[in-house]
Amino acid sequence: MSFPLNAPQREAVRYLDGPLLVLAGAGSGKTRVIAAKVAHLVERGTDPARIAAITFTNKAAREMRERAAKLLGGQGRADAARAVQISTFHSLGLAILRAECRAAGLRPGFSILDPADLEPIVAELVATADRAKARSAQWRISGWKNALVTPQAALAGAKDADERAAARAYAGYADALAAYQAVDFDDLIVRPLELFGRDPDALARWQGRYDHVLVDEVQDTNAAQYRLLRCLCGERGRFTAVGDDDQSIYGWRGATLDNLARLAEDYPALKVVKLEQNYRSTVRILRSANSLIANNPKLFDKRLWSEHGHGDALRVTPASDDEAEAELVVHRLLAHRFEHRGRYADYAILYRGNHQSRPFETALRAQNVPYVVSGGQSYFDRAEIRDLVAYLRLVANDDDDPAFLRAVTTPKRGIGQTTLAKLADVAGRRRESLFAAVFAPEFAAAAHAKAREEMEKFCALVSDLRRRSEREPAGRLLGELVAKIGYEDWLVSSFDKREAQAKSQSVADFVGWLARKGEEDRRTLLELTQMIALVTMLEGREEDDPDAVRLSTLHAAKGLEFPHVFLVGLEEGLLPHREAIDAGNVEEERRLMYVGLTRAQRSAHLSYCRTRKRAGAKVDCVPSRFLKELAQEDLRYAGEPLPAGEAERAKASGMERLKQLKALVAKD
DNA sequence: TAGAGATTAGTTTTT
DNA sequence: CTAATCTCTA
């Protein structure tokens, strides 16, 4: 990919006179532009450490780092590439918070809690045992934080009982986090903002820190992130923002296209450059995508074009149910691969929700096709890793009660509900952490001697590791921890052989990862512990790119491209998703479909099911409205054209009804 | 206190 | 029809 830049790309790279918005259509080479601009800035003499490039995901940050390293490395400036601050919004927020933790009212070892840690806390605050209720309250709190709404304002604006309950919990939520010396993901953005708001010196420090800020995917920024951006860029606005309003798919996380529109208001000198040449897809894929997205109102006028050939028609295939769809897709994929002598890695299967991967995994396994699933459960979400991370968090920060609770009960060491309830009671009365309460005289009086002994042993281990954490390498400490708590033995005794082996392997991977990271930049255990919360996968996992079919959600596929794409489950209720339809947000779903389509370079295969298993029973499906919005002349229907024949549908549903009745009768 | 069975609820996307 | 949670017994 060392073609020369085209005219608008060149303009975007060279323009340094003021704030710049680059409207980069799908496949228009935006990552190239950002990397080239970083290189250009360095060439012109900008100190690499005074350049910040901010992305939305770790994956994008990594790619940016690689691209910049390649460009600058070619000029013998590999050192410069390393010095550029390339990070996600959240890791940048973490860097700020770490540097300013005293001013922000946090101790250096503060913990980062993820939503799973927070759920029980919120459940308690809203006084519910219903997990769904707790999650929805959590969801609301996060929404308020990202929109920079205070607990008071949230309470004042609450419309129904649920919202009022969530708003009340919101205030207590902040207190709970403060007591644990902890922050959540949203705080990584919001707390630096609060700090900048009340401490002009801190603001000045960070505002003067970067000569140029580059932002990827601005259309995905929420109110808090946008404001953080403004803080960093200052009034001069020396930034390059890159984005595409047609690819805004994070509205559900508070991202708002208003930010894109506001950019022009907040920075009247804003220059806009459009990248409209697509280097990725065939004309037919692009025409279909354009035709689809034309159904959305336009913020900016943009016309994508391609110099690639026409390419094949997009195939639309119905399947009788989800299993049949998976088999069909896998068969077609194999036939296609054979015919084109391609690699497995040339193919991606994209879907709306994580759970949809299941039948495809089964079908791929049945045919012995290698595959990788991305965007599913993250490596650091596995129970065994969370167990160990709880220990690390506790080592870094003994106020972290959630970490204490997890670590002290895993592996089982004879400490159960009753003992913990007593400890919590003592801690509550004394207004101190669970960890501190272990040594309180009240606890000694109340608890069983054996349980207390175990607990003191546990605390001694944690304290010992803490004492040594500043000096000794993180990998060694973790390795020692795993050995001392007898974690391997516990795995073997608690799980069957296969599972224990898999878990044991991922523990070994984790120890190795931490050791490597610790050595790389001489990071301490504390720094690494905070980093883990933001890392979603084991780095290096994807580098040894095996020749495998890629399974991914549409969200996780953004920014990627594949020669051949299968877009599956194109049904009403799935894409567009039911919730989105009900919320009146079909536009975002359409953009999601647009993102999926524009991942394809040479061919796109679309499929949907006529029925689908849901909670055991089969239900009828209707093909997605988006299929009708594609350029019909570029489609080829493998089955009957849309919509499905009414007669057949009625017959199918009649058969289903009969089956259901039979099942009912059989039960009695 | 901890593990094994019974019961019941579930469906979106992620830093 | 799963998968996770809850309840009961050793």
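Residue numbers start from 1 in every chain, and the chains themselves are labelled A, B, ... in the order their sequence lines are given, proteins ahead of strands. When reading the values below, keep in mind they use all heavy atoms of this one structure, side chains included, and skip hydrogens, waters and symmetry mates.
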I'd like to know if [X] and [Y] make a salt bridge, using a cut-off of under 4.0 Å between side-chain N and carboxylate O.
X	Y	result
Lys457(A)	Glu453(A)	no
Glu325(A)	Arg612(A)	yes
Lys145(A)	Asp184(A)	yes

ask   = Can Thr611(A) and Asp321(A) be said to form a side-chain hydrogen bond (donor to acceptor under 3.5 Å, both in side chains), step by step?
value = CA-CA 5 Å; Thr611(A) 74; Asp321(A) 63 18; 4.9 Å; no
Proximity to the side chain of [X] - top-ranked nucleotide from [options]:
X	options	value
His555(A)	dT15(B), dT11(B), dT13(B)	dT13(B)
Asn354(A)	dT15(B), dT11(B), dT13(B)	dT13(B)
Lys412(A)	dG3(B), dT11(B), dT13(B)	dG3(B)

When the [atom1] atoms of [M] and [N] are compared, how many Å lie between them, rounded to an integer?
N	M	atom1	answer
dC6(C)	dT11(B)	C1'	22 Å
dC1(C)	dT12(B)	P	22 Å
dT14(B)	dA3(C)	C1'	22 Å

query = Within the stacking criterion (centroid distance below 5.5 Å, interplanar angle below 30°), does Trp252(A) stack on dT12(B)?
reply =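 Given the distance and angle limits, no, they do not stack.
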query = Under 5.5 Å between ring centres and under 30° between planes: does that hold for His90(A) against the base of dT15(B)?
reply =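 Here His90(A) fails the 5.5 Å or the 30° condition.
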Indicate, with a heavy-atom threshold strictly under 4.0 Å, whether [X] touches base, sugar-phosphate, or nothing.
X	value
Arg131(A)	sugar-phosphate
Phe89(A)	nothing
Arg358(A)	sugar-phosphate
Thr419(A)	sugar-phosphate

key: Ala533(A) vs Arg352(A), nearer the 5' end of DNA chain B by closest nucleotide   =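 Whichever sits nearer the 5' end wins; that is Arg352(A).
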ask   = Does Ala132(A) or Arg253(A) map to a spot on DNA chain B nearer the 5' end, using the closest nucleotide for each?
value =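 Of the two residues, Ala132(A) wins.
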query = Under 4.0 Å between a side-chain N/O of Thr418(A) and OP1 or OP2 of dT1(B), yes or no?
reply =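 The answer is yes; a side-chain N or O of Thr418(A) sits under 4.0 Å from OP1 or OP2.
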inquiry  = On the nucleotide dT14(B), are OP1 or OP2 found under 4.0 Å from the side-chain N or O atoms that Thr553(A) carries?
reply    =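 It does, given that an N or O in the side chain of Thr553(A) lies less than 4.0 Å from OP1 or OP2 of dT14(B).
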Grab the [atom1]-[atom2] distance between [X] and [N] for me, whole Å please.
X	N	atom1	atom2	value
Leu118(A)	dT14(B)	CG	P	19 Å
Asp582(A)	dT12(B)	CG	P	12 Å
Leu420(A)	dA2(B)	CG	P	10 Å
Lys558(A)	dT12(B)	NZ	C1'	16 Å
Glu588(A)	dT13(B)	CD	P	13 Å
Leu575(A)	dT11(B)	CG	C1'	15 Å
Leu423(A)	dT1(B)	CG	C1'	17 Å
Trp139(A)	dT12(B)	CH2	P	10 Å

task = Output, in order, the C-alpha distance, side-chain angles, deciding distance and verdict of side-chain hydrogen bond (donor to acceptor under 3.5 Å, both in side chains) for Gln247(A) and Arg591(A).
result = CA-CA 6 Å; Gln247(A) 292 186 70; Arg591(A) 292 192 289 263; over 6 Å; no
query = Sub-3.5 Å donor-acceptor pair from the side chain of Thr55(A) to the main-chain atoms of Thr57(A), do we have one?
reply =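 Judged by distance alone, yes, a pair lies under 3.5 Å.
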